[in-house]
Each structure stands twice: as structure tokens, then as C-alpha cells.
J.: 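Quick one: structure below, then a few questions.
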Amino acid sequence: MSDNNLQDMFTEYLEKESVFQNKDLLTTKHQPDDILHRDDQISELASILAPALKGNDPSNLFIYGTVGTGKTLCVNHVCDELREAVKQSPTNLKIIYLNCKMKKVADTEYRLSAQLARELGEEVPSTGLPTDEVYDRFFQALEDQEDVVIIVLDEIDALVKKIGDSFLYNLTRINDDLEKTKVSIVGISNDLNFTDYMDSRVKSSLSEEEIIFPPYNALELKNILRQRTDEAFTDGVLEEGVISKCAALAASEHGDARRALDLIRVAGELAERSDEPEVSMEYVDAAQDKIEKDRLKETVRSQPKQSKLLLYTIFDEHQANGGKMVTGDIYANYKEYADQAGMKTLTQRRISDLISELDMLGIINAKVRSKGRYGRTREISVDLSDGSVEDIQSMLGEAFYL
DNA sequence: AGTCCACAGGAAGGGCAGGCGA
DNA sequence: TCGCCTGCCCTTCCTGTGGACT
């Protein structure tokens, strides 16, 4: 395409009426002033954290709820209000928010201590120091804060599953050793049963208070979508029923508001790309399909090389024979492909772990099955649509020149 | 009831890259 | 530069397991 053609394309794009007025309102980054259907949770949260304003340590708090139920949104909202309110009081209040699922930020004990210390203004290298030393620096930084520190640990379930609960144990006991500062922990978890993994002492001191965020129903999702789309979309571009459909689809998937917003945003983007003046129902279906495929492709793309090759092997076998596969067969095929691709062959033990990881990511299904005399193995199956499998297979095939 | 299969999966440790302080 | 520390990926060694078969 010549430069002139490109310029024409951009000019045309600029002149075109957009279906969006303000697309940012449909992203999770947007913090609405008025949070719908969460009044009870917000006032409970506020009353639990309010003692911080008078320099007392609030009870530790545990918040549960599935993805997209507004936990993080409400906590951030209340924290913002607290920060605002504390300006009128002599208390020194520091609120730290950390997402424990963020890779390379808070997924190990070292990184978590280091990040917390950094949030308190302490300089800590990303590696190189003994973990105890980092913890000491964090402790000292806390002591220097004085008054109250609230530590919000989002996706705390991911942290405990990865590194265990010993760090949390120390954190919940830290008030016994601090003289000038009081610390309160707010844990946010997507997994309602995750405290089963924890030591009972940690469990009881961490969940002095608990708040549960139930999933939104279709009606509530509809209200939330309406609130956001009113300003996000140009007047009248949404076909009748589009909002209801997005709400219904998201409600059937654990009442996830994030999903509902994604659906309507992607539907808008697809309509705009096809030069349609209106976002019709068919774009919601297309959006549903696109989100699923994109999520899958992105997950696969971020896997290490060996996992990709293993996945290639599994998909290849799935396309050739369909049905269920077992670890032994997959491993034999994997070795051949590793040879062809000129890659190192991992041991079966390692491949077994990689199969578990792919299963956890939802890319494949792997169930342990005992076949009596014929041994115990994992039965592996692929539930994805043929289109998705072909897409990913060709993407991986190109990467390995297979 | 005992055997045996084909692994699952826990534990321990090796090797590597990256980073720090002396 | 060297010694030390970390996280990460991997191997080796090992015990455990559910149910078909004998």
C-alpha cells in the first residue's frame, strides 16, 4: 500500500462517525463514581476500615467472590474515600494495594516483601539479597511509617497456592512486634474454598471479618451495562436487545460484569470495523467467539517453548484420531516431534507437570483414570472447537517449522 | 486376597542466569 | 572479579494408587 493510500485511509477513519463516544468507560480501568448493586458491601467495608481514621488498626478482612463481582472496584473505591477523609485527621494512614497474580511482582516471598517495602519508600533490588534481609527492610519501613498501614492483597489465593501461607502467618503476627505502626490486612480471593489450603491459625486471624460478593444476576448486569453504555456509545447505535443479550450471556457465566463489559465493547469494535452504523445482535455472538479465541491464543502464545511443543503434539493427535489420549502415547509422540524440531527432550516426569499446567489453564482436559491391570494414567481430551484447534495448530506448526 | 500395570506426583537437589556487595 | 543469594526449570529417585486380572 502506498503512503498516499494510507493517508487516505487514516483521513477516512478520522472523518467516520464512531459508534463509541468514550470507549474507556467499558474497560476495567474505569472507576465509576456510582457503583451499582454493591451498597451493602461498600458500607460494610467502610465500617470495618473506618477505625483507621482514628489511628486504630482495623480488623483483618477477607473478601470472597468470583471474577467480575466488583471486589477490587469496591475496595479501591472505599480506599480512595479513606485517603480523602484522612486528610482532615492527624492520623498518618498508608494504603498499599498489591495484585499477587502479577508475574514478577508479587508471586514469590522475596518479590512480595520487596514490593511491599518499595511501596513504603524503601529501595530493594529485584534479586540478590537474602529473603530475611528483604523482610527486615520491609519491617523497618513499616515501623517508620507510624500510625496505620492497610495492606490490600488482591488475588491472595494465587499467592497462597504458589508459596504457601507462611508469609501470611508472619504478616498477621507482625502487629505483635511493631511498636509505632499498626497493620491491617485485606485479602481478596476469587476462590471461595481457598482457605482450605491454609493453616487454621492464619485462617482465623486473617478472617476476623468476612465479606462475600455474590455474582450479579442478569438484571443487575443489565443496569451496570446501561450505566456505562449511556456515555460510552453514541446515542442510538445499540440495537434493541443487545444490552440484554450481553447481560444474559455474562450472567450464565458466573455473573461476571467484566465479561459483560468486554462483550459489549468487542461487539462495538467489530461493528465499527465492518463500517456498520449500528451494533446489532449478530456482533454480540461474534464478540463472544472472538473473546474466547483471543484468550486462548494469548494463553498459548505466552507458554514456554516446551509447553508449546507438547500442545502441538496433543492437538496433532487429537486431529488425527480424536477421542481420549493418555500420557504415555503423548510422551512417545512428543519425543519424535522434539527430535524433528531439533529440541531437547524433557523427561516424562516433567512432561507430566506440563500436562497438569495446560489442564489448569483450561486449554486441555486431563483427568487421572485408573485402568486396572492396564495402569493408572491421565486421560487427555480437547474440548475446543475445530476452528480454534486448527488456528492454534498452524500457529504452533509455523513456530517449530513442523 | 494378592499381583501388577502405568503412571501420578512428592521431595531433593543440580545447573543456570541475574543481581548484589565487598 | 568473586562469593553469595535468588528464582526458575529441570532431573532423579522414590512412594503411592485404583482397579483389572489371576
J.: What integer distance in Å separates A:Leu310:CG from C:dC10:C1'?
T.: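 So the CG-C1' distance, A:Leu310 to C:dC10, works out to 15 Å.
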
J.: Of the candidate nucleotides B:dC7, C:dC9, C:dA20, which contains the atom at the shortest distance from the side chain of A:Gln348?
T.: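 The listed nucleotide nearest to A:Gln348's side chain is B:dC7.
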
J.: Between B:dA6 atom C1' and A:Ile351 atom CD1, what is the distance in whole Å?
T.: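 Answer to the nearest Å: 17 Å.
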
J.: If you draw the axis of the six-membered ring of A:Phe20, does the NZ or CZ of A:Lys23 fall within 45° of it and under 6.0 Å from the ring centre?
T.: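 Satisfied, under 6.0 Å and within 45°.
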
J.: Decide whether A:Ser184 and A:Asp57 meet the rule of one side-chain donor and one side-chain acceptor closer than 3.5 Å.
T.: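 Per modelled atom types, A:Ser184 and A:Asp57 side chains form no pair under 3.5 Å.
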
J.: Can you figure out which of C:dA20, C:dC10, B:dG9 approaches the side chain of A:Val368 most closely?
T.: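 The answer is B:dG9, which lies nearest to the side chain.
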
J.: Would you kindly give the CG-to-P distance between A:Leu309 and C:dC10, to the nearest whole Å?
T.: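 Rounding to the nearest Å, CG of A:Leu309 and P of C:dC10 are 12 Å apart.
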
J.: Base, sugar-phosphate or nothing for A:Ser307? Non-hydrogen atoms, less than 4.0 Å.
T.: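 The answer is nothing, as A:Ser307 stays clear of every strand by at least 4.0 Å.
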
J.: Counting side-chain heavy atoms from C-beta on, which of C:dC10, B:dG10, B:dC7 comes nearest to A:Leu346?
T.: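 Of the options given, the side chain of A:Leu346 lies nearest C:dC10.
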
J.: Is the distance between the ring centroids of A:Tyr312 and A:Tyr337 under 6.0 Å?
T.: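 Ring centres of A:Tyr337 and A:Tyr312 closer than 6.0 Å.
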
J.: For A:Tyr374 and C:dC21, is the shortest distance between a side-chain N/O and OP1 or OP2 below 4.0 Å?
T.: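 Yes, because at least one side-chain N or O of A:Tyr374 sits under 4.0 Å from OP1 or OP2 of C:dC21.
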
J.: Does A:Arg378 reach a base, just sugar-phosphate, or nothing at all? Heavy atoms under 4.0 Å.
T.: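 Contact class for A:Arg378: sugar-phosphate only.
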
J.: Is the cationic atom of A:Arg38 (NZ for Lys, CZ for Arg) positioned less than 6.0 Å from the six-membered ring centroid of A:Tyr216 and within 45 degrees of its normal?
T.: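 Ring-cation test returns yes.
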
J.: Given the structure, check if the side chain of A:Arg349 and the base of B:dG9 hold any donor-acceptor pair shorter than 3.5 Å.
T.: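 Such a pair exists between side chain and base.
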
J.: Just how far, in rounded Å, is P of B:dA6 from CD1 of A:Ile380?
T.: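 That distance rounds to 16 Å.
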
J.: Of A:Arg137 and A:Asp353, whose closest DNA chain B nucleotide lies nearer the 5' terminus?
T.: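 By nearest-heavy-atom nucleotide position, the 5'-most residue is A:Asp353.
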
J.: Report yes if a side-chain nitrogen or oxygen of A:Thr347 is closer than 4.0 Å to either non-bridging phosphate oxygen (OP1 or OP2) of C:dC10; otherwise report no.
T.: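 For C:dC10, neither OP1 nor OP2 has a side-chain N or O of A:Thr347 closer than 4.0 Å.
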
J.: I need the CZ-P distance between A:Arg350 and B:dG15, as an integer number of Å.
T.: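 My rounded result for the distance is 18 Å.
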
J.: A:Arg369 has an atom CZ; how far is it from atom C1' of C:dA20, in whole Å?
T.: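 Distance, rounded to whole Å: 12 Å.
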
J.: Name the closest nucleotide to the A:Ser356 side chain, picking from B:dG9, C:dT22, C:dT11.
T.: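 Of all the options, the side chain of A:Ser356 is nearest to B:dG9.
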
J.: Counting side-chain heavy atoms from C-beta on, which of B:dG9, B:dC7, C:dG19 comes nearest to A:Thr327?
T.: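 Nearest to the side chain of A:Thr327 among the choices is B:dC7.
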
J.: Give the rounded distance in Å between these two atoms: CZ of A:Arg373 and C1' of B:dG2.
T.: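 Taking atom C1' of B:dG2 as the reference, CZ of A:Arg373 is at 11 Å.
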
J.: Quick one: the side chain of A:Arg376 and the base of C:dT17, do they pair up donor-acceptor inside 3.5 Å?
T.: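 Answer is yes: a donor-acceptor pair is held.
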
J.: By the definition side chain to side chain contact (heavy atoms under 4.5 Å, CB included), identify the one residue from A:Thr345, A:Leu354, A:Leu311 that meets it with A:Gln306.
T.: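 Result for side chain to side chain contact (heavy atoms under 4.5 Å, CB included) with A:Gln306: A:Leu354.
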
J.: Output the rounded distance in Å from OH (A:Tyr331) to C1' (B:dG9).
T.: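 One finds 16 Å between C1' of B:dG9 and OH of A:Tyr331, rounded.
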
